[in-house]
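Counting from 1, the numbers follow the sequence of the chain as shown. Indexing begins at 1, ligand by ligand and atom by atom, following the structure's order.
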Amino acid sequence: MKPYIPYTHPAGGWDALKAMEALLLKQDIPVNGLSILSKMNQHGGFDCPGCGWADPLDTSRFEYCENGGKAIAWEATPKRCTPEFFAQHTVTELEKWDDYELEMVGRLTHPMRYDAASDKYLPVSWEDAYALVGQHLNALDDPNQVDFYTSGRASNEAAYLFQLFAREYGTNNFPDCSNMCHEPTSVGLPRSIGVGKGTVVLDDFDQSDCIFIFGQNPGTNSPRMMTYLRNAAKRGAVIMSFNPFRERALERFQAPQDVAQMATFGSTEISSRIFQVRVGGDVAAIKGIMKLLVEADEQARANNDVEILDWEFIRAHTVGIEALIADLKATEWADIERKSGLTREDLSVAAGAYAKAERAILAYGMGITQHRHGTHNVQQIANLALLRGNVGKAGAGICPVRGHSNVQGDRTVGITEIPSKVFLDRLQARYGFEPPRKPGRNVLTALEAMVGGASKVFIGLGGNFAVAVPDWARTQTAMRALNLTVQISTKLNRSHLIHGRDALILPCLGRTELDVQATGPQSMSVEDTMSMVHASTGSNPPASEHLRSEVAIIGGMARATLGADSKVDWESRVGNYALIRDDIEAVFPDIFPGYNKRLEIPGGFHLTSLARERVWGTPSGKANFLVHAGLCEDEEADQDGVLWLSSMRSHDQYNTTLYSYSDRYRGIHNARDVLFINAAELRRLGLADGDRVDIISQANDGVERILTGFQAIEYDFPDRSCAAYFPEANPLVPLYAYDPDCFTPASKGIPVRVVRAGQVKAALEEEVQTA
Ligand SMILES: Nc1nc2c(c(=O)[nH]1)N[C@H]1C(S)=C(S)[C@@H](COP(=O)(O)OP(=O)(O)OC[C@H]3O[C@@H](n4cnc5c(=O)[nH]c(N)nc54)[C@H](O)[C@@H]3O)O[C@H]1N2
Ligand SMILES: Nc1nc2c(c(=O)[nH]1)N[C@H]1C(S)=C(S)[C@@H](COP(=O)(O)OP(=O)(O)OC[C@H]3O[C@@H](n4cnc5c(=O)[nH]c(N)nc54)[C@H](O)[C@@H]3O)O[C@H]1N2
Ligand SMILES: [Mo]
């Protein structure tokens, strides 16, 4: 069967409900058995472990989505990955399983230690596991030989304790999943508007009259956002999307919670226009829009018409407008059109809608951040917002849509490799140890340290590091050479198989599960993409009586490593998470005053963003227009025959966790080794729909990076661009291909050559000749 059958229905709707049912069955959960769903995102319930989208303050508005349901079903599954399972399979054998099969085994039940003699994981007691961590860490000559990785599902309490352990031990090495995700936001926005987070809250979506969505796929990755987009569209707000794909949810949506719409098979048009921008062409597109706005403004002022730019705001609140205008004037239309793949007429439609809107929201996701110029992309979005005063006004703002459900909170409570002096001074004052002052490592520099031999031990608080990272041939080889890898996980994944000489799998409670410690049941807290902090309390019985909470595991490792000399009483904190929140309040007094008390407020509390009040935390005290000359072109990639490859998520995956091999909205069935490419490019390459191809990374370091035997799918996609799924595409991303401002791998901007399968050698020879 051909893998591609175009999907004709709107996003959401009956198919979403059917898909939920099918997935529950796959996990052996009776369809009416997910009563746990009714506790999701409710006061006193747990926070959805899916995406970071915000919850409504009015908690009677019960919200869930197909993909949140999948995330919960994957955690609440009755399937188990037990010591008996590990006894039956060597690690070498498990390496042949794919990522889907590995996670489908079910929830991990026991702490396990790798045994080289049998090539199997064997059960280990918790105390022995902690002791092994302590032995390894205490045997190193330098604490900076350890990397402490965080994936963004960890709670504020676990993340805080994790950094406390690492810093008392002596390092600031905190590679974090956000380094591969929204780091361009965390680094780029402070320079523009003084804060590295978004400036909108949910209410703004109800007041906005125009919403731009750049490089984000809400119907799949933050489906609860669809409710707000749909309401906005129904009110008549204009939605404009910039995406190489015509993602179905950006086109049409049927709301599963709208009984009337479901009954009549109706749907709501979401975007007025989807601009199919070329992969990597966003800076050009945004500059085009801004150039049109500036031209229209000059004309309006010459005619004494209403100004297009918000000059009152610009004069009172910003610096740098002159340089921005000069750059836009110097940018030629021919270049904008070539690089963006959009015409001046296309961009006039977008500029016109933006100029008319009183209140505009600019939302974006990974299509913007995961480029070598991700920070520039983010700052162009900020420029566009500032031109019309769309920051710090109701119904308007910048809206980076975060990924993991607590990736933002982890950062807020101190997971950072470049801690501020104030923060470290407060840690010192609270506990009396001298925290390390030298900056630490992020994901990219941690990988380089592994490759170069400077890193010896990896401790992962969640996630699937070995798969999420780029350049597998080099990075996975380096991980296998580490002294020790420790994975705190809920499910079996490939990072357990790509392990160090010593290796531990430490299974933890999931967010849906009851967490009872010495002082009774515990709640934890998380921060969503709109900076709301709220409590999350699990209630399901734990998947196994041997599981420990993340907090307890971190406390156990810390006690075994730091011993009696530790300045922290780990046991009392593990016994009562409110004490950890007291610590957080003491160390971040301006952010978390009254933390424990305020968590009792239904819906939680908002961490006010100064930019929302038009107070700019920049050195100049103003918001900055930031200019980047040029259109982020890349010599390697703009050679003939080179395409820009983007790697993105299917509808049926959560990062490295696969729920199935299909991608419903894009019409792909039972295949992930596919390459989306348009008819004209196929013709130029002498290929046809369905042909098997090899994809060669156009790298400049002499290392061959190739994916073989992918199936070309003729698809509605821009010229000079192509796309494949994450994580399958990761071997193509060279370690050196990252954004120099923030070290985020360019996993959505990979220059590649595509050849008929089996013809790699000829293509490489040709490349050597052209070079
Ligand atoms: N169900 C589900 N939910 C998730 C996740 C998941 O895997 N599954 N992951 C979570 C995480 S950690 C994150 S970070 C978010 C990710 O959520 P998204 O930001 O939506 O991430 P992607 O699907 O990787 O890519 C987003 C979009 O960018 C487009 N794109 C690709 N290249 C370009 C480009 O050059 N320019 C533009 N303008 N667009 C481009 C793609 O076509 C795609 O529609 O979702 C979170 N939520
Ligand atoms: N090419 C390419 N690469 C990318 C991306 C891309 O778009 N393209 N996206 C990047 C992005 S945005 C991100 S965020 C990273 C994701 O990188 P990670 O966050 O490292 O990966 P995940 O796949 O989310 O991790 C899944 C694992 O987490 C564990 N887990 C699940 N729930 C819990 C829990 O409650 N506690 C603990 N301790 N463990 C748990 C399970 O064992 C599961 O196997 O990947 C990045 N890599
Ligand atoms: Mo992410």
Side-chain angles (χ1 to χ4, degrees), residues 49-53 65-68 70-71 74-75 99 102-103 108 149-155 158 176-182 213-223 241-245 247 250 275 277-282 285 364-371 377 401-405 407 443 460-470 487-496 505-513 550 553 644 646-657 659 676 717 721 723-730 732-733 744-750:
C51 72
W53 187 253
C65 70
E66 175 193 340
N67 280 350
K70 287 177 198 166
W74 244 243
E75 182 171 305
D99 293 336
L102 291 176
E103 283 222 16
L108 295 157
Y149 175 66
T150 317
S151 167
R153 215 178 257 193
S155 63
D176 178 44
C177 74
S178 68
N179 297 143
M180 301 180 267
C181 184
H182 261 294
I213 306 173
F214 295 96
Q216 190 225 341
N217 188 13
T220 288
N221 296 320
S222 39
S241 298
F242 288 78
N243 199 308
F245 277 102
E247 305 287 19
L250 297 174
F275 299 96
V277 65
R278 279 191 189 157
V279 166
D282 296 274
Y364 64 91
M366 297 298 102
I368 287 297
T369 60
Q370 293 173 330
H371 290 280
N377 271 344
V401 183
R402 297 273 169 176
H404 270 298
S405 52
V407 60
V443 164
L461 177 57
N464 189 2
F465 186 78
V467 176
V469 298
Q487 304 286 354
I488 303 170
S489 314
T490 51
K491 300 290 254 320
L492 182 63
N493 66 40
R494 196 162 301 281
S495 296
H496 304 135
I505 303 176
L506 303 181
C508 65
L509 293 172
R511 205 180 268 183
T512 54
E513 289 167 333
E550 292 177 337
I553 296 170
W644 284 96
S646 190
S647 62
M648 73 290 142
R649 292 150 174 81
S650 77
H651 189 62
D652 255 5
Q653 77 184 80
Y654 193 93
N655 298 338
T656 66
T657 299
Y659 301 127
F676 298 90
F717 208 73
S721 307
Y725 290 119
F726 150 57
E728 285 81 350
N730 291 36
L732 292 176
V733 186
T744 299
S747 47
K748 288 204 172 30
I750 317 163

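- Taking a 4.0 Å cut-off on heavy atoms, P244 registers as neighbouring ligand 1.
- Contacts between C508 and ligand 2, counted as non-hydrogen atom pairs separated by less than 4.0 Å, involve the side chain only.
- Q653 O, 2.7 Å is the protein heavy atom nearest to atom 8 (N) of ligand 1.
- Distance from atom 10 (C) of ligand 1 to its nearest protein heavy atom, with residue and atom name: Y654 OH, 3.6 Å.
- Here the shortest heavy-atom distance to atom 5 (C) of ligand 2, taken over Q370, K748, M180, belongs to Q370.
- Looking at R153 against ligand 2, only its side chain comes within 4.0 Å, counting heavy atoms.
- Around atom 25 (O) of ligand 2, the closest heavy atom drawn from G463, P470, A729 belongs to G463.
- Below 3.5 Å of separation, one finds an N or O of I488 facing an N or O of ligand 2.
- The closest protein non-hydrogen atom to atom 34 (C) of ligand 1 is G367 O, 3.4 Å.
- Contact annotation: for M366 versus ligand 2, heavy atoms closer than 4.0 Å belong to the side chain alone.
- The proximity of R511 to ligand 2, defined as any non-hydrogen pair under 4.0 Å, does not occur for either the backbone or the side chain.
- Side-chain atoms of M180 and V469, non-hydrogen and from C-beta on, do get closer than 4.5 Å to each other.
- Taking every heavy atom of S647 and a limit of under 4.0 angstrom, the matching atoms of ligand 2 come to 1 (N), 2 (C), 7 (O), 8 (N).
- Counting protein heavy atoms only, atom 13 (C) of ligand 2 is closest to R649 NH2, 4.1 Å.
- Residue F242 has at least one nitrogen or oxygen atom sitting less than 3.5 Å from a nitrogen or oxygen atom of ligand 1, judged on distance alone.
- Residue contact check for ligand 1: S222 places no non-hydrogen atom closer than 4.0 Å to it.
- At least one N or O atom of E550 sits closer than 3.5 Å to an N or O atom of ligand 2.
- Under 4.0 Å from ligand 1, not a single heavy atom of K70 appears.
- Counting heavy atoms closer than 4.0 Å to ligand 2, residue T490 contributes atoms from both its backbone and its side chain.
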